[in-house]
Amino acid sequence: MGTINSRRRFLQKCISAGMLLTGGVSLLNGCNTVTEKKSPAKAEADTATADPCGDYTGLSENDLKARASMGYVKQSPIPEKQCGNCNLWLPPLPGKECGACQLFKGPVFTAGHCTYWAPQV
């Protein structure tokens, strides 16, 4: 009888230890998942703060391709040809930091530039 009890105890302890390890690993994985979910949101908020005109949410892939096909860049290589002094420039709305363009969708930097720059008349 002593042998049967010791085997039972051994098996109970092994099963208990296995359940504890499985539960601990599951708990740790759950903590990592929560951290990973929070990190991108925080990184996105930091990016939005650092680059207010870099928020392209709501733009389709075609909208982004249109921007690229027009050669839009955030910083004009020609100081006298910037979006802020272009005839197609739409100034920022009150409370906003970024303007827009009549040719494509999305935020536009005042100091930006594209190949369709037109002087203001």
Side-chain angles (χ1 to χ4, degrees):
M1 280 226 201
T3 308
I4 294 174
N5 281 338
S6 65
R7 274 191 225 159
R8 278 190 192 154
R9 270 188 110 111
F10 175 74
L11 289 174
Q12 286 175 343
K13 287 185 179 190
C14 286
I15 291 171
S16 296
M19 290 174 65
L20 281 172
L21 286 173
T22 303
V25 168
S26 297
L27 181 64
L28 289 175
N29 281 339
C31 290
N32 285 340
T33 303
V34 170
T35 304
E36 289 172 9
K37 287 181 183 175
K38 289 181 182 178
S39 295
K42 185 178 178 188
E44 188 175 307
D46 291 345
T47 303
T49 303
D51 186 6
C53 297
D55 181 17
Y56 301 128
T57 54
L59 295 180
S60 70
E61 190 174 325
N62 288 336
D63 294 335
L64 294 173
K65 285 180 183 178
R67 291 171 73 93
S69 70
M70 293 180 193
Y72 173 76
V73 291
K74 294 178 180 181
Q75 184 63 45
S76 176
I78 308 163
E80 52 279 344
K81 292 185 177 183
Q82 297 183 346
C83 292
N85 62 9
C86 177
N87 197 36
L88 302 168
W89 168 253
L90 299 171
L93 297 172
K96 300 285 184 174
E97 295 183 38
C98 306
C101 181
Q102 295 177 22
L103 298 177
F104 54 85
K105 295 180 182 178
V108 176
F109 284 92
T110 305
H113 176 77
C114 82
T115 54
Y116 291 88
W117 182 87
Q120 291 179 341
V121 183

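Predicted model, so just to flag it, every value in this text is computed and none were measured.
By the 6.0 Å and 45° rule, Arg67 does not stack over the aromatic ring of Phe104.
Of the possible donor and acceptor atoms, one in the side chain of Gln120 sits under 3.5 Å from a partner among the backbone N and O of Cys86. Side-chain atoms of Ser69 come within 3.5 Å of backbone N or O of Ala66 as a donor-acceptor pair. Between the side chain of Ser76 and the main chain of Ala111, no donor-acceptor pair closer than 3.5 Å is present. Put simply, the side chain of Trp117 never gets that close to the backbone of Cys83: no donor and acceptor are under 3.5 Å apart.
Once rounded to the nearest 0.5 Å, the distance linking CG of Asn85 with NE2 of His113 reads 10.5 Å. With values rounded to the nearest 0.5 angstrom, Thr110 atom OG1 is found 10.5 Å from Gln75 atom CD.
Under the 3.5 Å distance criterion, with hydrogens and angles disregarded, a donor-acceptor pair is assigned to the side chains of Asp55 and Thr57.
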Stepwise side chain to side chain contact (heavy atoms under 4.5 Å, CB included) test for Leu11 and Arg8: CA-CA 5 Å; Leu11 289 174; Arg8 278 190 192 154; 5.9 Å; no

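Val73 shares a hydrophobic cluster with no other residue; no ILVMFWY side chain has heavy atoms under 4.5 Å from its own. Apart from Ile78 itself, the hydrophobic cluster it occupies contains nothing, where clustering links Ile, Leu, Val, Met, Phe, Trp and Tyr at side-chain heavy-atom distances under 4.5 Å.
Heavy-atom contacts from other residues, nucleotides or ligands closer than 6.0 Å to CD of Glu97 number 12 or fewer.
Among residues two or more places apart in sequence or in another chain, the disulfide (SG to SG under 2.5 Å) test is passed with Cys101 by none.
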